[in-house]
Structure formats: C-alpha cells, structure tokens
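In what follows, chains are A, B, ... by sequence order, proteins preceding strands, each numbered from 1. Since the model is a prediction, treat every value here as computed from it, not as a measurement.
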Amino acid sequence: MVAASHKLYAQTARNSSFIPISQHYQHTNKQLLESRLISLLDDCKNLHQIKRVHAQIICYGLHQSSFVLTKLIRMLTKLNAPMDPYPRLIFQQVKQPNPFLWTSLIRGYSLQRPLFESILLYNSMRRHGTGPVSFTFSALLKACTAALDVGLGRQIHAQTISIGGFTSDLYVGNTMIDMYVKCGFLDCGRKVFDEMPDRDVISWTSLIVAYSKRGDMESAGGLFDELPTKDMVAWTAMVTGFSQNARPREALCFFERMENAGIETDEVTLVGVISACAQLGATKYANWVRHVAEKSGYGPANNVAIGSALVDMYSKCGDVEEAFKVFDKMRERNVFSYSSMIVGFAMHGRANAAVQLFHEMVKTDIRPNGVTFIGVLTACSHVGMVEHGRHLFTMMEKSYGVTPTLDHYACMVDLLGRSGCLEEALELVRTMPMDPHGGVWGALLGACRIHANPDVAEIAASHLFELEPNGIGNYILLSNIYASARRWDDVARVRKLMREKGLKKNPGSSWVEGKKGEIQEFFAGDMTHVKSREIRQALEDLMNKLQLHGYEPNLSCVPYDLSDEDKKRILMTHSEKLALAFGLFSTSAGCTIRIMKNLRICEDCHSVMCGASQIASREIVIRDNMRFHHFKDGKCSCGNFW
DNA sequence: ATAGGGTTAG
C-alpha cells in the first residue's frame with residue numbers, strides 16, 4: 001500500500017510543474033506553511049490543481065499534517081472525486097490521524113458509497129481510540145440521509161446520546177433533523193427540534209420545508225409565524241411551498257409580504273414566483289413576473305433555472321411562441337430547459353417541433369431524463385407517430401439509461417390506444433413488468449372513448465374503480481362511452497354507482513381574460529352573467545352563420561337520454577361557448593381569444609371553435625384540463641386528435 | 001459543515 005502511494009506521489013510530482021522549495025521556506029514555521037497550503041487548496045478548481053498542491057505538501061514534509069490533508073480531502077469531496085484510491089492512500093500515510101482527518105474521509109464516502117465505508121471507517125476510528133467530533137456525526141448522518149436508512153440513523157442518534165456532549169450541538173441537531181425528514185420521519189425530526197437547547201433559522205427552515213413537502217402548509221405556516229428571525233431562505237421556503245402545493249395565489253401573496261417586509265429576494269425566490277404564475281396561466285401575471293425578474297437582473301440569458309421556469313410559464317399561459325423565444329435566448333441550457341420546451345411543444349400540439357428538439361438535445365451532452373421522454377412520447381401520441389414512439393420507448397433504457405416508469409407505460413398505452421391499437425395496448429398493460437396504476441388504465445379508458453369500445457372500456461374501468469374509487473372522471477368517461485353506444489341501461493347503472501358513492505360532477509367552467517386582465521368566469525348552463533343578453537345574441541349570430549356552412553350540433557356529446565331539443569339546449573350553453581361569445585363581442589377584431597376551462601373540451605365545442613375561427617377570422621386558444629388547442633382558419637393544432 | 005429552485009401523463 002505504501003509503495004503504491006509512493007508511486008502515485010512520484011507520478012503527481014512528475015505531472016505537475018513542480019517548483020523546488022527555496023532554502024528560505026524550509027525555515028518558515030510550520031503553522032504558517034500549513035495555512036499557506038490550505039489557502040492554496042482553497043483556490044483549486046480541479047483535480048489537477050489539487051495534485052500540484054499535494055506535491056508541494058509532500059516536499060514541505062507536511063504529509064503527516066492532519067490539518068492540511070483534511071482540507072485536501074474535503075476539496076476532493078467537493079469535486080466529487082472517488083475516495084478510492086487517491087484520498088484513501090493519502091489518509092493511510094498518516095501515522096496519527098486526528099479526528100478531523102478521519103471524519104473528512106467518512107464524509108467523502110458518505111456521498112459515494114454511503115453507508116458501508118463510512119460506518120466501517122467510523123468503527124476503525126473508535127478502535128484507534130480516536131474520539132469523534134461533532135463533524136463526525138454530521139458526516140455519518142449525511143451518509144444515512146443519502147442512503148435513506150433511518151435505522152442506522154437512529155443508531156447514530158443513540159451514539160450521540162451515549163457518548164454525550166453532542167445532543168446539544170447545533171450542527172449535529174440540524175443534520176439530524178434533515179436526516180429524519182428526508183427519510184420521511186417528520187415526527188422524529190420534530191422531536192429533535194423540540195428538544196434542541198439552541199435552534200437557528202436553519203433548524204426552523206428544515207422543518208418548514210419538511211411540512212410543506214408533505215403538503216401541510218398550515219403547520220409550515222404556523223412554524224414560520226413563530227420563527228423569531230426570518231431570513232430570505234425561510235421566506236423563500238414558504239413561497240415555493242405554496243407554489244409546489246398548487247396554491248399559486250398564496251405564493252404570490254407571500255412574495256408580496258416578503259417584499260413589504262423589506263427582505264431581499266434572489267433568483268430562487270423568483271423561480272418559485274414564476275412557477276406560481278405558470279399555474280395561474282394568465283398573461284397578466286406572466287408579464288408582471290418577467291418584469292420583476294428582469295428588474296432584479298435575472299433573465300433567460302443569465303440564469304438557467306429562471307429561463308427554464310419562464311419557458312414553462314409561457315407555454316402554460318398559452319404563448320408557446322414566446323416560450324420558444326425565451327428558450328432561444330438562453331445561453332446555458334440543461335435537462336430542465338429542454339424538457340420544459342419539449343413538454344411545452346407537445347402540450348400545444350406542435351409534435352414535430354417537440355420531436356425535432358428532442359433529437360437536437362441528444363446531440364448535445366445533456367442527457368434526457370424521465371420527464372423528457374414523457375414529453376416526446378406524448379408528442380408522438382398526439383400526431384399518431386406510433387412507430388417512432390415505439391422506437392423511442394425501446395431506446396430510452398438501452399441508449400439513454402432511463403428506466404421506464406409507470407407514467408411512461410401510460411404514455412405508450414395512450415400512443416397505441418389513440419391510434420386504434422386497443423388490443424395491443426391492453427396486451428402491453430397485461431405484460432408490463434410492474435402493476436399498472438391509475439394513469440395506465442386511464443389512458444386505456446381514454447382511448448376507448450375515442451374508438452367507442454365499451455368492451456375494453458369495461459376492463460379498464462373495473463380496475464380504475466378499484467384504484468381510484470373517488471375519481472369522478474372515470475365514471476363519467478365510462479358512462480359517456482356507454483352513451484355513445486346508446487347503452488342507456490349501462491349509463492344508468494354507472495350514474496347510480498356515482499350517486500351511491502356520493503360523487504358529484506364538477507360543474508364545467510371556463511374563463512377569459514378581459515381587456516384589463518380581469519378574469520371573467522362562465523359556468524355551463526348559467527345565463528345569469530351581467531352581459532348574458534349580448535352573449536345570447538352573439539351566440540345566436542354565430543350559430544346561424546355556422547349552420548349556413550353546414551354545422552350540425554353533435555348531439556352524441558350529451559351523455560343523457562334526452563330529447564334532441566334538450567340536448568341542443570344543453571350543448572349551446574357549454575361554458576366555453578359562453579366564453580367564446582363573450583370574447584367575440586368584448587374584444588376588438590383580430591385579437592386572439594384565450595379561453596381556459598377546467599374540464600376536457602367536448603367534440604361539439606371543438607368543431608364550433610374550428611368554425612368560429614374561420615367565420616370570425618379570429619385565432620382562438622383554449623386550454624382545457626390537459627392541453628392547448630389553437631384554432632385558426634377553421635383548423636385546430638391538435639389535428640382533431642385529443 | 002447543517003436550510004430554499006425549474007419540467008410529468010388519461
């Protein structure tokens with residue numbers, strides 16, 4: 001071992017432009033030399049530079065200095081360099097390593113081969129009679145966190161108690177909280193927190209984040225209120241907490257409070273705010289937050305995370321062109337940027353653009369991940385590129401090392417099912433290597449609606465009713481599939497099942513942004529809007545014109561056994577039609593009408609939108625619960641495939 | 001040495 005490491009040193013010295021020490025330095029006192037070498041190590045940016053300094057350490061005769069070598073190993077850890085063989089050999093050279101040197105190696109291993117080596121080293125350290133320092137426990141706890149091994153974490157916890165003196169250490173306490181919450185034992189983390197004699201803002205923030213990750217914003221908020229000195233990170237944790245829990249309004253509200261409290265904000269805060277605006281899907285907020293970010297000096301050109309968040313925001317606000325402009329401006333791009341753009345294109349029916357961008361991406365050195373494949377597979381699905389999708393699906397693991405998850409199987413079932421290969425889709429569900437989840441069966445059920453196949457639908461639905469007993473959408477889908485086959489008895493049976501379970505259909509609603517960015521909401525069948533007279537008038541005008549062009553109401557979109565007249569009346573007051581009528585008379589000619597709705601758009605509304613875009617020469621963009629439809633000159637971007 | 005970030009389908 002010793003011989004090997006000498007060889008290594010010789011090599012290091014040979015490879016570096018090593019300068020012999022002057023006589024002068026040999027008399028310099030050791031401590032001064034040590035601190036000089038440490039600051040040299042601090043400036044190292046890569047392995048090569050570290051090895052050069054290492055050669056100097058040896059020449060100065062400091063290869064026994066735990067102090068300097070600890071720094072060296074920490075720098076290597078920072079660079080994510082393997083602990084074997086280089087740092088390990090350095091360590092083995094030292095006859096009497098101090099606890100810090102032991103610990104630096106334990107810490108290094110904690111990131112790479114988490115538990116095994118770290119614990120082994122800790123045991124030999126104890127056998128050598130070297131007492132641990134608080135950093136030792138932090139390192140061990142980090143190793144447990146990385147391995148998500150709460151069992152060992154508890155044992156380390158017990159050690160800190162039995163050895164004594166460490167339970168009151170702030171760093172150990174904070175790392176312990178982190179270990180418990182990352183392993184999913186929030187209550188244990190809370191207990192550590194409650195028993196800590198001293199806490200700092202980091203202890204509080206760890207818990208706040210833990211509660212918000214669990215979706216419990218009330219507890220997170222309670223802690224935040226009690227936190228005596230709130231810093232930027234703590235505030236940001238609340239903003240992103242609300243944002244990640246799909247509560248965008250509260251996120252924005254917190255951001256405003258944060259600014260009013262005079263707290264600085266940085267790019268991390270802004271990313272959370274941008275994501276909240278994306279969820280609101282309103283251009284008013286999009287433009288506002290873009291302005292706020294740029295005022296603080298952050299934009300697509302200088303920050304990847306901000307850029308990627310903006311790409312996502314613009315595509316969710318219905319402006320995929322702007323999303324691409326942002327993407328284009330980004331100087332640095334990563335897997336998030338590409339995935340957001342690919343998903344954005346797919347969402348807007350720009351399947352070819354999505355697939356093309358994917359192929360551009362794999363030419364760079366950025367590796368696609370699971371999300372990227374979701375994006376590109378849905379894109380294939382939307383244009384019926386079955387063969388290409390199949391090819392990508394087989395390549396994702398083989399060529400890109402991304403193991404397909406349940407969601408990827410759902411995409412494949414969707415791809416096969418949509419294109420009419422229902423039997424093959426069912427076969428895939430039956431032969432897939434893991435148990436299908438609701439998404440997989442749901443994709444199959446959706447395909448059965450498109451291809452009016454009640455038999456396969458029954459199979460999918462029976463699984464869905466077990467997996468998602470309260471998923472109202474599944475019951476409605478099945479009943480619609482029965483309705484389109486005119487199996488009214490079965491429709492009644494499903495409706496009864498829904499009633500028994502106490503499930504209520506969400507009322508359909510659509511909303512548009514008015515001239516000043518104000519939101520106008522419409523509910524299906526509700527004619528009590530202040531402008532309902534104008535709406536009715538605009539709707540009738542439109543229908544008359546459409547009928548001259550051969551439009552007939554598509555009565556099969558009403559899944560009830562009613563008279564044709566009743567069906568027509570119901571169809572006419574679908575919320576998106578009301579919103580369209582409002583948009584037509586309340587905005588000036590040539591202005592794009594943007595509508596959002598909470599449910600999937602029905603076929604009748606879809607064809608009305610197509611017709612209206614032509615007759616009124618308007619671009620219409622509708623975001624339903626899944627994706628965007630761009631209507632222009634009588635055609636929709638989805639190619640009637642949704 | 002410990003705390004906060006962007007993308008996911010029916």
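A:Phe628 and A:His348 have parallel rings, their planes meeting at less than 30° on a 0 to 90° scale where 60° marks the start of perpendicular.
Counting any heavy atom pair closer than 4.0 Å across all strands shown, A:Gly442 reaches a base atom. Nucleic acid contact for A:Thr269: base, since at least one base atom lies under 4.0 Å from a heavy atom of the residue. Among the heavy atoms of the strands lying under 4.0 Å from A:Leu464 is at least one base atom, whether or not backbone atoms are also near.
A cation-pi geometry, defined here as NZ or CZ lying under 6.0 Å from the six-membered ring centre and within 45° of its normal, does not hold between A:Arg367 and A:Tyr400.
When the nucleotides B:dA3, B:dG10, B:dA1 are ranked by their closest atom to the side chain of A:Arg418, B:dG10 comes out on top. Here the nucleotide nearest the side chain of A:Val371, chosen from B:dA3, B:dT2, B:dT7, is B:dT7.
Checking the phosphate oxygens (OP1, OP2) of B:dA3, no side-chain nitrogen or oxygen of A:Thr175 falls inside 4.0 Å. One finds a side-chain N or O of A:Arg107 lying less than 4.0 angstrom from the OP1 or OP2 phosphate oxygen of B:dT2. Residue A:Gln244 places at least one side-chain N or O closer than 4.0 Å to OP1 or OP2 of B:dG6. Not one side-chain nitrogen or oxygen of A:Lys316 sits closer than 4.0 Å to the OP1 or OP2 atom of B:dG6.
Within 3.5 Å, a donor on the side chain of A:Ser339 pairs with an acceptor on the base of B:dT7, or the reverse.
Residues from residues 469-479 of chain A that place a heavy atom under 4.0 Å from any atom of DNA chain B: there are none.
Remark: A:Glu195 engages A:Lys191 in a salt bridge (charged side-chain N to carboxylate O under 4.0 Å, His left out) (not counting sequence neighbours).
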